[in-house]
Protein chains: 4
Amino acid sequence: MFSKFLNLDQEKQDRIINAAIKEFAQKGYERASTNEIVKEAGISKGLLFHYFGNKKQLFLFLFDYCYEIIAEQFYQKINLDEKDFFTRIRQAVMIKMELLTIYPDLFKFIEEAYMEDSAEVKIEIDKRVKEWNDANFGKAYEGIDFSKFRDDMDIKKVLKIITYTFEKLSEEELLKAKLSPTHHVDYEKVFLEAEDYFEIFTKCFYK
Amino acid sequence: MFSKFLNLDQEKQDRIINAAIKEFAQKGYERASTNEIVKEAGISKGLLFHYFGNKKQLFLFLFDYCYEIIAEQFYQKINLDEKDFFTRIRQAVMIKMELLTIYPDLFKFIEEAYMEDSAEVKIEIDKRVKEWNDANFGKAYEGIDFSKFRDDMDIKKVLKIITYTFEKLSEEELLKAKLSPTHHVDYEKVFLEAEDYFEIFTKCFYK
Amino acid sequence: MFSKFLNLDQEKQDRIINAAIKEFAQKGYERASTNEIVKEAGISKGLLFHYFGNKKQLFLFLFDYCYEIIAEQFYQKINLDEKDFFTRIRQAVMIKMELLTIYPDLFKFIEEAYMEDSAEVKIEIDKRVKEWNDANFGKAYEGIDFSKFRDDMDIKKVLKIITYTFEKLSEEELLKAKLSPTHHVDYEKVFLEAEDYFEIFTKCFYK
Amino acid sequence: MFSKFLNLDQEKQDRIINAAIKEFAQKGYERASTNEIVKEAGISKGLLFHYFGNKKQLFLFLFDYCYEIIAEQFYQKINLDEKDFFTRIRQAVMIKMELLTIYPDLFKFIEEAYMEDSAEVKIEIDKRVKEWNDANFGKAYEGIDFSKFRDDMDIKKVLKIITYTFEKLSEEELLKAKLSPTHHVDYEKVFLEAEDYFEIFTKCFYK
DNA sequence: AATGAATGAGTTTTCATTCAT
DNA sequence: AATGAATGAAAACTCATTCAT
């Protein structure tokens, strides 16, 4: 599919990818300009289309690219020997924060992509997100000692409640950051707040 | 502000509003075409701008319009005499579903508006959402008997967990619907699933 | 022609005239908006066209109106008993400056009108200017004692040289004023400079 | 800046330049339509903006282009060895007339540009005119034998009187031409009239 | 492979003028 | 006389995509 592009020398690939991610992250799919991308990447107009066919395919390629990098890094850093659920989740939250500071553009891009509602692109993104979630949900919980959980509740639903809560919390923090003048997330505060929720969940869901 | 528009006969107002909501809901702010809106509404190009000044003001007008209708209907239908939290929430979920089937376009539009990331419009929408939330969060929980909740947990965080869970559940159901061939939400299934969560929450959070 | 308009009570006429002059003076013929004019004048859209037919006729009406007021004032103030040419010219320059400070809008409008190159309007304006000049050239020089001038030169050409010089000088000063930050003409400096030219002309053209 | 445009083959450049000059000369900046220009030039709408960015830049490019051509031709034709002021001026007038018949459109465009009062463009044009005048005023009078002039008058003001007179004369002739049915300047008559003025000036300003 | 000139349908917005009331 | 809603052609400008070189 993108084999022509992937055969380029790494430096050129990076130039193009970074230029494109930057533009999409800043302006969203619709407003992003392929003109700006080629200018920033220092390549010709025709070449971009030679490699990616059209804007949509470029966008989806980048989405997969970003997702893969982040996922790979994530599973490399996480310690799957840790059996306690909450310790594992705590780890995951910290790693996510770490990656956020290392790859802010990739996260920004992914975040924008999630919210993209250009009909053309949304369905494709949603499909990919679903696939990724299905594939990785199990992985993230690999080796967890679920015997610590109460027996009188559907454990799948319990996990969902926990996951939903942390997802919504981080969405809210990102929104707050966007509306604040500095645009910065106060990670320490977030982490402290998260601890409170861990405590509640432990009380509720552990035996 | 929009007094010229609001003095029109209801039928014409509706034609314009429906055409605009449809277009924005389908394509998002940026891609929506004022050309399409006037064509669908059967009015001239100039008239739309005579009433609304520009595309952005039209969009924000529609947002307020949709929000007001839905909120008004919601608070008309909900029974604020019901003191039990979960019974109240159960009511709210049912009313929301009912409204979703009566006004699918309004919800679709609101949903898209939330996710809009055209910088021009996003900030304005976020502002409005924050105001609405601040104003209505208290209202929805008016008269609730919070003494039934456990005393060893921060009740605000508990309420957040519950709210987040139901929000995420409905987001997921809407996404599933979009990806399904029929585009329909299976309300009965959703309701049954919700019951399971109510049970878990009651066990966890009530004394 | 404009009898409908001229039968209005003076106050309403003035409101309309002032609003229109202001708009045209500020933006020129093409960019001036009839919308702004009616808003400023506090009348309806239809009425303006009821009185003046179209934008062009309104513009030409205003041109005549301004010209008449200024000319009338000018010939009222000038002392036609003064027989010496240069004293008379000196008077004329001073009166013009005085009127410029009393009726800045009218002058600004006239000035803009002269420079108007909307083809539609330019020819009409040029025609009127020519007519006015022909009619008034004689009048301005009424009673002048031309016997003081040298006999070996065509006096008509001599007068033209003098007139051209002062016209160009004031054009240049207006341009300078426009390019300066304050937009103000330094009348005193202009007057002193004019004196130098009077001296040269007296030396050259008087016996 | 306009390097993309200047790399085109001459024929295409000319087509575009001529179409644009024609449209601007006829209608002035504001009323000129880029649509008409591309139609006349036989190029696509996008291309014009690819080359010139926007209407204003196109206009200013044309102004510089016209000015340069005319100035270059002028200084190529004028004989700077001629030391007598009036002979030199006579030469200049003739060359200007000659150029006016060779490049009527360029002159027309420049003339309209001078008078342009679209605020957007006027300031830029005025700036350029001032620069050109400062740079070329000295050049035109290079090598002139000013010792022939009377010593009892400020020579700078004398030169201004002479320049103003000829400028106004040609303005008047152009206006007459515009109002005449044929639109043609009667150069012979103009030249004869100019001779009369030369005579007056020689009598007045030479020793 | 690589270029970048060229396209043209598309966008939002403006505005003089009309006309039913 | 007076209103102002309604029109729709026209404006400047954009941009993903193509294609000859």
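Note on naming: letters A, B, ... go to the chains in the order of the sequence lines (proteins, then strands), and numbering restarts at 1 for each one. Quick note: numbers below take in every heavy atom, side chains included, and nothing from hydrogens, waters or symmetry partners.
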- Between D:L8 and B:A32, which is nearer to the 5' end of DNA chain E once each is assigned its nearest nucleotide? D:L8
- Message: Has B:E23 got a side-chain atom pairing as donor or acceptor with B:S33's backbone, closer than 3.5 angstrom?
- Response: yes
- Query: Parallel, tilted or perpendicular: which describes the rings of A:F63 and A:F109, with under 30° parallel and over 60° perpendicular?
  - Reply: tilted
- Query: If only side-chain N and O atoms of D:K39 are considered, is one of them under 4.0 Å from the OP1 or OP2 phosphate oxygen of F:dA10?
  - Reply: no
- Query: For the side chain of C:E40 and the backbone of C:A19, is there at least one donor-acceptor N/O pair under 3.5 Å apart?
  - Reply: no
- Message: For a quick test of reading the model: is some side-chain N or O of C:H50 closer than 4.0 Å to OP1 or OP2 of F:dA1?
- Response: yes
- Item | Separation of F:dA2 P from C:F52 CZ (nearest whole Å) | 12 Å
- Message: What is the distance, to the nearest angstrom, from the CZ atom on C:R31 to the P atom on E:dT13?
- Response: 17 Å
- Query: Of the nucleotides F:dT7, E:dG8, E:dA2, which has the atom closest to the B:L47 side chain?
  - Reply: F:dT7
- Give the rounded distance in Å between these two atoms: CD of A:E30 and P of E:dG10. 15 Å
- Item | Phosphate OP1/OP2 of F:dA2: any C:Y51 side-chain N/O under 4.0 Å | yes
- Message: With a 4.5 Å cut-off on side-chain heavy atoms, are B:V38 and B:I16 touching?
- Response: no
- Item | Whole-Å distance separating the CD1 atom of D:I37 from the P atom of E:dG8 | 18 Å
- Item | First encountered from the 5' end of DNA chain F, between B:G42 and D:E36 | B:G42
- Message: Would you compute the distance between atom CZ of C:F59 and atom CD1 of C:I21 and round it to the nearest 0.5 angstrom?
- Response: 10.5 Å
- Item | Side-chain donor or acceptor of A:Y29 paired with backbone N/O of A:K56 under 3.5 Å | yes
Could you write out each protein N or O paired with an N or O of nucleotides 17-21 of chain E at a distance under 3.5 Å?
| residue | atom | partner | partner atom | Å |
| --- | --- | --- | --- | --- |
| E:dT17 | OP2 | C:K55 | N | 2.8 |
| E:dT17 | O4 | C:K45 | NZ | 2.8 |

- Message: What is the separation between atom NZ on C:K27 and atom C1' on E:dA16, rounded to the nearest whole Å?
- Response: 14 Å
- D:K55 side-chain N/O to D:E30 backbone N/O, donor-acceptor pair under 3.5 Å: yes
- Query: On DNA chain F, nearest-nucleotide positions of A:S33 versus C:S44: which is more 5'?
  - Reply: C:S44
- Run the numbers on C:E36 and C:K39 for salt bridge (charged side-chain N to carboxylate O under 4.0 Å, His left out), then give the verdict. CA-CA 5 Å; C:E36 287 302 311; C:K39 213 189 290 170; 3.4 Å; yes
- Task: Whole angstrom is fine here: how far is it from CG in B:L58 over to C1' in E:dT13?
- Result: 13 Å
- Query: Looking only at side chains, do A:Q13 and A:D9 share a donor and an acceptor under 3.5 Å apart?
  - Reply: no
- Could you tell me the separation between the CG atom of B:N7 and the P atom of F:dA5, rounded to a whole number of Å? 8 Å
- Here the helical stems involving DNA chain E, each at least 3 consecutive Watson-Crick or G-U pairs closer than 3.5 Å, sorted by first residue number, are E:2-21 with F:2-21
- Message: Main chain of C:I43, side chain of C:K12: is a donor-acceptor contact present, judged purely on distance under 3.5 Å?
- Response: no
- What's the CD-C1' distance between B:Q57 and E:dT12, to the nearest Å? 14 Å
